[in-house]
Amino acid sequence: MSEGGSELPYVLGVDVGTTRTAAAVCRLGGTGRAEPEVVGLGGPGGGVASTLQLTPDGAFAVGEPGDPRWTATGFARRVGDAVPIVLGPDPLSPDFRDADAEQCMAEELTALMVMWVADQVAAREGERPAHVVLAHPPGWGAHAKGLMHRALRSVGVAASLVPEPVAAAENHAYSRSFAGSLGVFSLGSHGFGASVVGRGFELLKAVEGVDQAAGVDFDDAVFSHVRTSLGRELAELDADDPRTRGLFGRLRRDCEAAKRMLSGTVETSIPVHLPSGPVDVPITRAQFEDLIRPDVEQAVAVFDRVVSGGVEMTVLVGGSARIPLVAASVPGRVVLEAAPETSVVKGAALAARRLVVGPDAEPEPTETSVMVRDDDPSLRFPVGGLDAPDAEFTAPPPRPPVDITPLDLPERRTVKRVVRGLVPTGGRRARDSEDGR
């Protein structure tokens, strides 16, 4: 048993997002309800960047920024795409050799990420998980799920697949039962989604906003505010100067930090390290909301068309759901967790536990979510503070099994060089040599 491990067996939930990969576990056995626990993977916010960099020795470094020609990102959203992701030297360079390039399918890279996460958690827990659930985009059909199952099996991971909105509903139901259908409004760093989940935990409707602005676009809005505020001081900098590129890179990170700060405060400032000296550009929450309001209203309009006003309540999911304007704009009863970016991965762990032990025959859910608005837009109170008829909060009917694509699929080629191992953040080997995978 590794230091810090648990004597109880556990199940694992994994969420491979466009930007960040997260993991959560649920304990099996013991007494009482098994609360999902987010697992630290060594990166900011507990997760790890969803990047795989092909290193010179043929291994993959996980979560490390690097040369974009050798680094794969955003692969989970491309599962089912027949076009491979090519890692290698610039094909237009004089010394390019096709043999140096590696062609990887998106599902292969996603499976490698899941395998790495499972290895990291197993090292911490001292044993492998009893089961793994991977949360996936709601748009995956049978073809994409079949490819993903094959890729997971090829790296030795037995896993079930659960749509992200269903995982979010599983997590919500842990803290609060719902008798009708549930709206899921998802707004992350790179994507927006609107979904309806039925009382039996089936996905009824789902739309992903391909052209809808998300968190990185809000970062750009803050960056534009800085450019407008400073005017010629920024515009006259030499874009080809490495110092200017470094200044802009740091400024974009500071703009993202300011965006996050404005979710908890009414005013902040963005430091800009000009050659003439540092300056601070102030920005208020009201200014930020004015910048992003058209994009938020567009997302809410899409969500309203999807749910058609027919949901009991709406759960906000994703890091950008923290923005107060979002909660204020979504219609109806709105629920927001303290950490909405972990809702999906915790729900995946809860789904894995249910698949292993069956529906809970345990005490009533503990109210832990926060109702940010009911009929009164200014109302904010802990869930459970509402005086409502008992019938409104009756437990849902027994949940049907999660729809899982069969695993008896033909074997498929996986990434050629991955057998040499995965390297976690910091360069330490992540795989156990006994795995033989």
Side-chain angles (χ1 to χ4, degrees), residues 11-18 20-23 41 48-55 58-63 70-88 101-122 128-129 131-164 167 344-345 348 351-352 355 402-424 430-432 435-437:
V11 290
L12 173 65
V14 182
D15 178 21
V16 182
T18 304
R20 188 177 70 101
T21 292
L41 295 175
V48 68
S50 298
T51 64
L52 286 168
Q53 181 187 359
L54 187 60
T55 62
F60 278 91
V62 177
W70 297 90
T71 304
T73 61
F75 36 83
R77 295 284 164 178
R78 288 188 53 185
V79 171
D81 188 343
V83 179
I85 297 170
V86 180
L87 302 177
E102 183 74 55
Q103 294 190 23
C104 312
M105 302 308 295
E107 62 272 13
E108 297 173 335
L109 295 171
T110 305
L112 294 182
M113 201 76 192
V114 176
M115 183 186 76
W116 181 84
V117 170
D119 286 348
Q120 295 296 296
V121 176
R128 309 296 297 182
H131 194 62
V132 178
V133 161
L134 172 63
H136 66 83
W140 281 13
H143 174 67
K145 289 188 283 187
L147 292 175
M148 193 69 251
H149 272 306
R150 282 194 288 251
L152 287 167
R153 189 175 62 180
S154 72
V155 296
V157 177
S160 301
L161 305 180
V162 172
E164 291 164 357
V344 168
V345 75
L355 288 171
V402 176
D403 180 21
I404 304 170
T405 306
L407 294 180
D408 53 345
L409 299 169
E411 292 289 351
R412 186 175 182 276
R413 179 188 62 83
T414 185
V415 179
K416 293 182 293 185
R417 300 195 222 185
V418 74
V419 294
R420 300 192 187 182
L422 289 171
V423 181
R431 295 188 63 228
D432 187 341
D435 281 352
R437 291 181 300 193

Search all heavy atoms of Leu147 against all heavy atoms of Glu107 and return the closest pair with its distance. O-CG, 3.8 Å
Value rounded to 0.5 Å, distance of CG in Leu87 from CD in Gln103: 10.0 Å
Give me the atom names and distance for the closest heavy-atom approach of Ala72 to Leu109. CB-CD1, 3.7 Å
Identify the heavy atoms of Ala23 and Val117 that sit nearest to each other, and give their distance. CB-CG1, 3.6 Å
Answer yes or no: is there a side-chain heavy-atom contact under 4.5 Å between Val48 and Trp116? yes
Enter the distance from His149:NE2 to Ser160:OG here, rounded to the nearest 0.5 Å. 6.5 Å
Roughly how far, to the nearest 0.5 Å, is the CZ atom of Phe75 from the CD atom of Glu108? 12.0 Å
For Val162 versus Ala351, what's the shortest heavy-atom pair and its separation? CG2-CB, 4.1 Å
When rounded to the nearest 0.5 angstrom, what distance separates OG1 in Thr73 from CD1 in Ile85? 8.0 Å
The side chain to side chain donor-acceptor pair (under 3.5 Å) partners of Thr21 (sequence neighbours excluded) come to Ser50
What's the shortest heavy-atom distance between Ala76 and Pro137, and which atoms? O-CG, 4.5 Å
If we only count heavy atoms from C-beta on, is the Val62 to Leu52 side-chain gap below 4.5 Å? yes
How would you list, by chain and number, every residue that makes a side chain to side chain donor-acceptor pair (under 3.5 Å) with Thr51, sequence neighbours excluded? none
Point-to-point distance, once rounded to the nearest 0.5 Å, from CE of Met115 to CD of Gln120: 10.5 Å
Which residues share a side chain to side chain contact (heavy atoms under 4.5 Å, CB included) with Ala22, sequence neighbours left out: Arg20, Val345
Is any side-chain heavy atom of Leu54 closer than 4.5 Å to one of Phe60? yes
Could you check whether any side-chain heavy atom of Val11 comes within less than 4.5 Å of a side-chain heavy atom of Val133, counting everything from C-beta outward? no
All heavy atoms of Arg78 vs all of Val83, minimum pair found to be NH2-O, 2.9 Å
